Each structure stands twice: as C-alpha cells, then as structure tokens.
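As the structure is a computational prediction, the values presented were derived from the model and not from experiment. So that the names make sense, note that chain A is the first sequence line, chain B the second, and so on, each numbered from 1. Note that these values count all heavy atoms, side chains included, but never hydrogens, waters or copies made by symmetry.
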Protein chains: 2
Amino acid sequence: MDTGQRQGQRTATERRRKELLEAADRVVLRDGPEASMNAIAAEAGITKPILYRHFGDKSGLYRALAQRHTDALLASLRAALDSGNDRRDRVEATLHAYLAAIETRPQVYRFLMHPAEAPGDGEKGFDGGRHSSSLLRRMGEDLAEVIAERLDLGPQSQELARVWGHGIVGMMHAAGDWWLSERPVSRDQLVSHLADLLWGRLAAAGDRAGSPGL
Amino acid sequence: MDTGQRQGQRTATERRRKELLEAADRVVLRDGPEASMNAIAAEAGITKPILYRHFGDKSGLYRALAQRHTDALLASLRAALDSGNDRRDRVEATLHAYLAAIETRPQVYRFLMHPAEAPGDGEKGFDGGRHSSSLLRRMGEDLAEVIAERLDLGPQSQELARVWGHGIVGMMHAAGDWWLSERPVSRDQLVSHLADLLWGRLAAAGDRAGSPGL
DNA sequence: CCTGGTTGTTACTTGCGGTAACATCAGTCT
DNA sequence: AGACTGATGTTACCGCAAGTAACAACCAGG
C-alpha cells in the first residue's frame, strides 16, 4: 500500500497551498483586491502556473482566500450572538463584533465584499443580481437560522426569519460601510442607533411640526 | 462673437454624447457590465477613441451611464415616499417601488450596484471600504434627509437620521438582492415582512420554548 | 488658400488572465 | 540499479481589453 507516501504528499501539497494562500493574503492586503496573479506569485517566490495548478483560476484563489476570513468572522459573530443577558445585549454585541472587525481590518473587509469576479464568468444574459459577495449571503443565511431556531414567530416563521436575516445583515453592512468611510459618530453610538432602529423607534417617532409627515 | 457657432457645436456634441450613452446602455443591458469598450463603440457605429474623447475612460462612461438610471430610480423612490396615508403606507410604497424596479430590470440593477471600477483607480493602500456603489450611498443620504426633515427625533436627530437612512437602504438592498435571486416569497410578503422588521417586531417576538434565547 | 477645431480612422503599446511545453527532483515498483 | 509516477518549477506564448498615438478628412472663418 502506498497510502503512507500518498498521505505525505497530500499533507505536503496542503501545506504548500496554505503557504501560497498566506502570500496571496499579504499581497491582497497590501495592494487591494485588484492584485495581479503575477504579483501574488512573485510574493510567494514562484511563478503564475503554480498558482493555477493549485487554485484553477483567479476566482478559485480568491474563493479560498475569502473562506478563511469569512469563517473567522462568522465564528466571532456567532459567539457574540450567544453572549449577553437579554436580546438587546446580544444584538448590540453582534453589531459591535462586526463593526470592530471591519474597523480594525478594512482591507480584509473590502476584499471580502468585493471578490473581483472572473471576467468570463459563465452564463450571460439575464442572470439577475448575482453580483453580491458571498459573505453577505452567508451572514444572512446564518442569522436567519439563528432567528428561526430561537424566536417564536408564528406560522410564517421560516420566511420571516430569512427575510429578517438578510435584511438585518444588509442594514449592518450598509451602515458599517458608510460609517467606515466617514466616521461621523463613535462605534457605540452607531450600534445604539441601529439597535434603536431594529427596536421600532422609527415607527414610534412623532412627525415634525409642519412637515408633510412620514 | 462666435458664441452662436460655439453654442451650435456645444449642443451638437451633447446630442452626440447622448447617442453614445444610449448605445452604451443597450450594450450593457445586453452583455452585462463587463461589456468591452470595443463592443460599445461598435454598437454606436464608431470606434474606441471617440468614446475616450467623450468620457475620458471607462469609469467615466460608466459614471455617466449610471447617473441617468440612478436619477430615475431616486425620483421614483421620492415619489413613493410622498404617497399613502400613514407612515407605514409610505414605507411600504417605497419598498415596493424599489423592489419593482429591480425586479423588472435586473440588468440595470446589477449594473448600478456594480460599477465595474477602473483597474487603476487612484490612490492605493489603506483606503477603507470605498468599494460600494454610489447608488447605495445616494439612496442612504437621500433617505436620511427625508427622515431628518420630517421626523422629530430629539437632540441627536442628524446622526440618527443618517444612520437610519443608510441602515434602511442597506436592509432593502440586501433583502432585495437575496429575494431577486431566490424568489422564495411574493413581493407583497417581502415588503410586509421588512416593514414588520422596521416596526420592531423583532424586539417584540417571544423566545422559542427551550431555546437559549435571542 | 490656409488655418484651427471637430470627427473619425488604423495601428500600436501595455498589462492581464490563462495555457502549453518542457525540465527536474523525490520517492516507488520490479 | 533503472523505469515509472507525480509533484514542483520554469520560459514562452495566446487572446483580449484598456488606453494612446498619429494620421486623414471635413468644415467653418480670415
């Protein structure tokens, strides 16, 4: 049996792959998501074809790269969802975890939201809005799952949970993106304002005097 | 004085520009945002350099192209915000307007959210998350403005309005994007679920029996 | 007639993603 | 030992897209 050797080879290739991913990571974090395959190969001390052997094409590399960061971020969000004493605490902790992540490593964040899709990416024509980063989708689905399993939402709970999951994630994302680029308020304030929004303060607020009303 | 002639030239070039934009529009709607400058030029019956003379570079063309659609969409959203009888009606009408737009013209939607940024796009390095489409930002700012001028939110109303504007827009966007690609529910249901979320039903829902609580 | 500006062209450069063909070295099978 | 396998690595190339000269033609006004 040659599994002994096969195993050795296997782990060796995987170690190599990991090294390549780390090199790619450095380059992407330094040069942004538009980093060329040549640049990444150079950083790893090799040449292009090797990258292609390991990852197929650019989007393959980027997917592998994205998954590591995505997994890490999702784990921290899940942890935050299990912390705190009441629901508001948990929601605020999760928002904090997300915002802290994008604040401390904006390059990673930018990369994750912008997977730099392959130019010739399969079917053409009416394919709807399939552009979005898979991170948003995964976060939305994960949150939906948590909501569905922990909250009692009556008959349509499945649909509701998914809509809310994606909606809340989108809210967090867009607000975070805007906040990151302008920093008009502190993180604490941002979190608190977003939680207020989720707690229905928009519906409860009074119309301004003399306005047509909202 | 040659202003007469200059004016004539001026309007002529602008008419030409408009024609070029319309050709570009057709191509982008047919081939997606990755349409090449060559293809666009061919559709317009001319060659590349003319496009470059009019729009500088690809991102210039795309910005011009995006602005037309963005303006149209924003106008329809503003109209929706002024319709209806109570606040919930108005919010639902706005959600409907947005979702109807992306539903009936997904290619336009995809293009707007994905401006296909120029490869060498200016400053490098730590530039935070400046990736996002300008449409989201404009919608967020517009909504913030409406909220601030119509709602009485106490002392921090400016901050609150902006956070909410971007947050709500992000919620609408992410939920819409997900919905467009999976179509798990009807548009009416989606709108109603999202409005429920904004109306604080997440905070009000009860914990499921036996769950750790959310 | 000639000069200046606009419209258009062809032909080029540069840089990217991706691939083919070839060389090499390590361990395995007989 | 020597042939076989399979991974690592190379150079050199293809095709294509963005962007840029450099040149040709037309059409005013002096």
Distance in angstrom units between [X] [atom1] and [N] [atom2], rounded:
{"X": "A:Leu51", "N": "C:dT19", "atom1": "CG", "atom2": "P", "answer": "13 Å"}
{"X": "A:Tyr52", "N": "D:dC13", "atom1": "OH", "atom2": "P", "answer": "18 Å"}
{"X": "A:Asn38", "N": "C:dG18", "atom1": "CG", "atom2": "P", "answer": "12 Å"}
{"X": "B:Lys58", "N": "D:dT20", "atom1": "NZ", "atom2": "C1'", "answer": "17 Å"}
{"X": "A:Tyr62", "N": "C:dG18", "atom1": "OH", "atom2": "P", "answer": "11 Å"}
{"X": "A:Glu14", "N": "D:dG6", "atom1": "CD", "atom2": "P", "answer": "18 Å"}
{"X": "B:Glu19", "N": "C:dG8", "atom1": "CD", "atom2": "C1'", "answer": "15 Å"}
{"X": "A:Leu61", "N": "C:dG18", "atom1": "CG", "atom2": "C1'", "answer": "13 Å"}

Handout entry: B:Gln158 atom CD, neighbour heavy-atom count above 12 within 6.0 Å
Key = no

Practice task
Kindly check if the number of other-residue, nucleotide or ligand heavy atoms within 6.0 Å of CZ (B:Arg138) is above 12?
Solution key: yes

Closest approach to the side chain of [X], judged atom by atom: which nucleotide of [options] is it?
{"X": "A:Pro49", "options": "C:dG18, D:dA17, D:dT10", "answer": "D:dT10"}
{"X": "B:Ile50", "options": "C:dG8, D:dA21, D:dT10", "answer": "C:dG8"}
{"X": "B:Arg16", "options": "D:dG9, C:dG18, C:dG8", "answer": "C:dG8"}

Side-chain N or O of [X] less than 4.0 angstrom from OP1 or OP2 on [N]?
{"X": "B:Thr47", "N": "C:dT9", "value": "yes"}
{"X": "B:Arg53", "N": "D:dA21", "value": "no"}
{"X": "A:Thr13", "N": "D:dA7", "value": "no"}

Practice task
First locate atom CG of B:Leu136, then atom NE2 of A:His173, and finally report the distance between them rounded to the nearest 0.5 Å.
Solution key: 7.5 Å

Practice task
Working to the nearest 0.5 Å, report the span between CH2 of A:Trp164 and CG of B:Leu198.
Solution key: 10.5 Å

Handout entry: Parallel, tilted or perpendicular: ring planes of A:His166 versus B:Trp178, cut at 30 and 60 degrees
Key = parallel

Exercise for the section: Please state whether the base of C:dG18 and the side chain of A:Lys48 form at least one donor-acceptor pair under 3.5 Å? Expected result: yes

